[in-house]
Amino acid sequence: MAELKSVNGKILLVNLTSGEITVDEPEAAFYRKYLGGGAVGAYYILKTMPAKADPLGPDNVITFCPGILTGGAFSGASRFSVNAKSPLTGCIGDSQCGGNFGPALKWAGFDAVVVTGKAPAPVYLWIHDGEAEIRDASAVWGLFTGDTRKAIAKELGDDKIRMACIGPAGERLVSFANVSGDGSDYAGRTGMGAVMGSKNLKAVVAKGDKKPEYADPETVKEIARRGAENFKTSGFPQMLKEFGTSAGTEFLSGLGCFPTRNCSRGSFEQVKGLSGETMKKTIGHGSQACFGCVVRCRQIASASEPYEIDPEYGAPEYETIGMLGGNLEIGDIAAVARANMLCNAYGMDTINTGAAIAWLIECHENGLAPAAKTKGLDLRFGNPDVMLQLVEMIGERRGIGDLLARGLEACVAAFGSRSAEYAVHVKNNAIPAHLPQVKKSQALAYAVNPFGADHMSTEHDGIIMKIGAAARGLGLDAERGIADLDREKVRMVVYTQYYYSLLDALSLCMFCWGPGALFSYGDLVQMINAATGWDMTFWELMKAGERRVNMMRAFNAREGVDSQYDRLPERVFKPMPGPGAGLGAHVPREAFQDAVKTYYRMMNWDDYTGTPGPEKLCELGLDWISAV
Ligand code: SF4
């Protein structure tokens with residue numbers, strides 16, 4: 001076997017039903033083909049999970065995967081992917097998390113963890129120095145995410161441990177429960193926390209000191225230095241350092257694509273109260289970095305009144321400000337930060353939480369919410385108290401919170417089809433805080449993404465509104481406006497989806513390695529080759545990104561999810577009433593339908609089902625999928 005660099009050559013396989021722990025030792029060719037992250041996750045899920053498995057049953061498979069570069073001492077190499085069949089969407093589940101757990105897992109001697117089965121009682125997995133053991137978690141079951149970290153660190157007598165854990169929402173199988181990295185970072189989307197909860201798996205804990213060895217360490221250092229140097233003169237990453245992702249709040253509201261009043265409007269009159277500047281001035285408490293990153297974009301909030309905000313849980317990101325702020329017409333950043341803290345402590349996705357609460361309020365306004373189910377709740381937009389009440393009720397599955405915890409499709413089934421108008425989601429995954437009525441690239445991307453609406457799966461329209469090096473490097477040379485939804489826009493979605501998928505396979509942060517960020521496309525190729533000793537080309541890497549998208553899509557096809565689920569909520573086809581730049585903006589239905597068809601053809605997928613056929617799978621070296 002060729003000598004492996006930058007990876008351990010070991011993947012940990014854990015069967016929680018039998019308690020058996022084994023190690024897979026893939027060949028170098030496996031790493032070169034799949035790289036890591038969501039691609040390795042999808043590989044093991046496709047190979048191991050029986051078709052049509054219950055997402056909350058023991059047959060589901062959950063994977064925790066850093067990438068081949070994770071754990072290196074350079075910016076943006078700290079992430080890991082969590083994948084499983086999603087209890088929220090029924091599709092492949094996929095979510096990424098920054099912080100420190102990804103590097104800790106690599107340093108502990110493993111490139112990924114694959115968990116099957118179900119433990120008879122709560123457990124956590126303790127991985128250290130090339131070994132792993134299953135330990136009793138009954139003492140930490142029921143704890144919030146931050147408290148879980150502290151309690152396990154105390155039990156192990158080591159404050160340097162890192163973990164991926166769940167809170168009470170995951171234990172109670174909230175369909176959009178997240179996975180927390182150390183109680184302060186989150187793999188937020190697609191309900192991966194509920195899958196952990198269904199397996200009685202409270203946490204995966206890691207520690208080690210096996211730093212990656214490189215084929216060409218000097219070049220790795222040189223590229224790392226280049227990225228740090230570029231940061232000093234960068235535009236967007238410098239803004240991230242100052243304000244985190246909240247830097248975009250006022251700008252996006254000005255553009256008309258900030259979710260307001262359950263995504264029915266795109267500009268929020270009270271947006272100033274939610275801006276990055278306001279947050280920094282009023283409740284800001286500094287910032288922190290993921291492992292090895294110069295950007296240090298993760299903001300911290302702290303306050304004791306009127307809302308208590310524990311700095312342990314960070315400050316709200318832009319998506320949270322959008323979905324729990326503007327979307328509920330709440331203009332008080334402290335209230336949003338409190339809701340963010342509660343979501344993080346319970347361990348649940350803020351995007352789906354905000355969408356579920358907005359749905360309930362709009363149902364109530366329109367006489368669709370049965371009074372008996374909403375008794376005692378002052379349901380109206382602009383009411384922070386009811387938002388905070390409902391966040392806790394969802395986390396505890398109490399009262400109406402139990403229904404909201406099941407996801408928007410279950411909500412509509414309970415309240416009747418008229419309430420579907422207020423359920424703003426794709427594949428039961430709530431649309432994030434970049435309204436597709438305005439950003440037309442996201443109209444297509446949300447619809448066709450294998451795990452439902454997601455804003456981090458492609459570039460947004462800006463990359464081709466003015467062609468620069470970031471666009472040209474991906475072969476995009478035709479300028480288009482934000483409102484265009486033609487073939488060039490589809491091509492932009494396809495190419496940037498490959499690139500973002502590549503970054504997710506590598507578990508690299510988009511803010512450092514995305515188009516036009518700290519590192520160039522050339523830096524990426526050079527870094528991979530210097531780290532591994534391979535001779536990869538950018539073409540080969542882009543094919544790896546394409547491969548991951550196709551694996552996810554093939555998984556969905558096997559589970560019975562095809563083109564009929566690639567649709568947008570009705571709300572986005574209606575012109576928005578304003579105020580602001582979003583006035584009249586909507587997704588033109590015919591152009592959208594054409595874009596979806598064009599997208600399938602550009603992807604070489606079946607026109608009718610929207611899935612990759614045997615020839616496409618063969619072209620990507622995925623023929624084996626036809627047999628699983
Ligand atoms: S840019 Fe921010 S999110 Fe990305 S690795 Fe750096 S600190 Fe983490």
Side-chain angles (χ1 to χ4, degrees), residues 36-38 65-82 95-106 162 164 178-189 223-249 276 279-280 284-301 311 313-321 340 344 350 432-433 454-457 459 470 499-500 502-520 523-524 527:
C65 304
I68 55 170
L69 296 177
T70 309
F74 46 87
S75 296
S78 56
R79 296 173 79 77
F80 66 100
S81 282
V82 192
S95 198
Q96 284 76 37
C97 180
N100 294 282
F101 173 74
L105 182 58
K106 282 282 289 280
R162 304 296 184 179
N178 65 24
V179 174
S180 169
D182 294 316
S184 57
D185 295 275
Y186 301 90
R189 316 266 8 236
I223 301 166
R225 267 197 297 270
R226 208 182 298 158
E229 205 50 41
N230 288 342
F231 173 57
K232 293 179 190 158
T233 52
S234 66
F236 185 56
Q238 282 289 340
M239 278 168 58
L240 286 173
K241 181 187 169 103
E242 194 67 16
F243 302 110
T245 49
S246 70
T249 306
M279 183 163 85
K280 194 168 171 144
H285 196 69
S287 66
Q288 57 188 330
C290 300
F291 169 77
C293 186
V294 294
V295 180
R296 205 181 171 86
C297 77
R298 293 159 50 219
Q299 304 298 297
I300 302 170
Y313 294 102
E317 299 286 349
Y318 167 74
E319 297 301 321
T320 305
I321 293 171
N340 174 66
N344 291 349
T350 54
D454 182 70
H455 58 294
M456 298 289 276
S457 292
E459 265 289 323
Y499 189 68
Y500 272 63
L502 165 65
L503 295 184
D504 282 341
L506 290 163
S507 290
L508 291 176
C509 177
M510 279 82 179
F511 298 147
C512 301
W513 294 88
L518 303 188
F519 299 96
S520 69
D523 289 337
L524 179 64
M527 180 65 98

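Atoms within each ligand, like the ligands themselves, are counted from 1 in listed order.
- A salt bridge links Lys280 to Glu242: one of the charged nitrogens lies within less than 4.0 Å of a carboxylate oxygen.
- For ligand 1, the atoms sitting less than 4.0 Å from at least one non-hydrogen atom of Phe511 are 1 (S), numbered in the order shown with element in parentheses.
- For Tyr500 against Glu459, the heavy-atom pair with the smallest separation is OH-OE2, 2.7 Å.
- Counting the atoms of ligand 1 from 1 in the order shown, those under 4.0 Å from a heavy atom of Cys509 are 1 (S), 3 (S), 4 (Fe), 5 (S).
- In this structure, Phe519 and Trp513 have parallel ring planes: the angle between them is below the 30° cut-off, well short of the 60° mark.
- The atoms of ligand 1 that sit less than 4.0 Å from any heavy atom of Cys290 are 3 (S), 5 (S), 7 (S), 8 (Fe).
- For the residue pair Gln96/Ser81, the side-chain donor-acceptor check at 3.5 Å is satisfied.
- Judged by distance alone, the side chain of Asp504 and the main-chain N or O of Gly38 form no donor-acceptor pair under 3.5 Å.
- Atoms of ligand 1 found under 4.0 Å from any heavy atom of Cys293, numbered from 1 in the order shown, are 1 (S), 5 (S), 6 (Fe), 7 (S).
- Contacts with ligand 1 closer than 4.0 Å are made by heavy atoms of both the backbone and the side chain of Cys297.
- Set against the non-hydrogen atoms of Cys512, the atoms of ligand 1 under 4.0 Å away are 1 (S).
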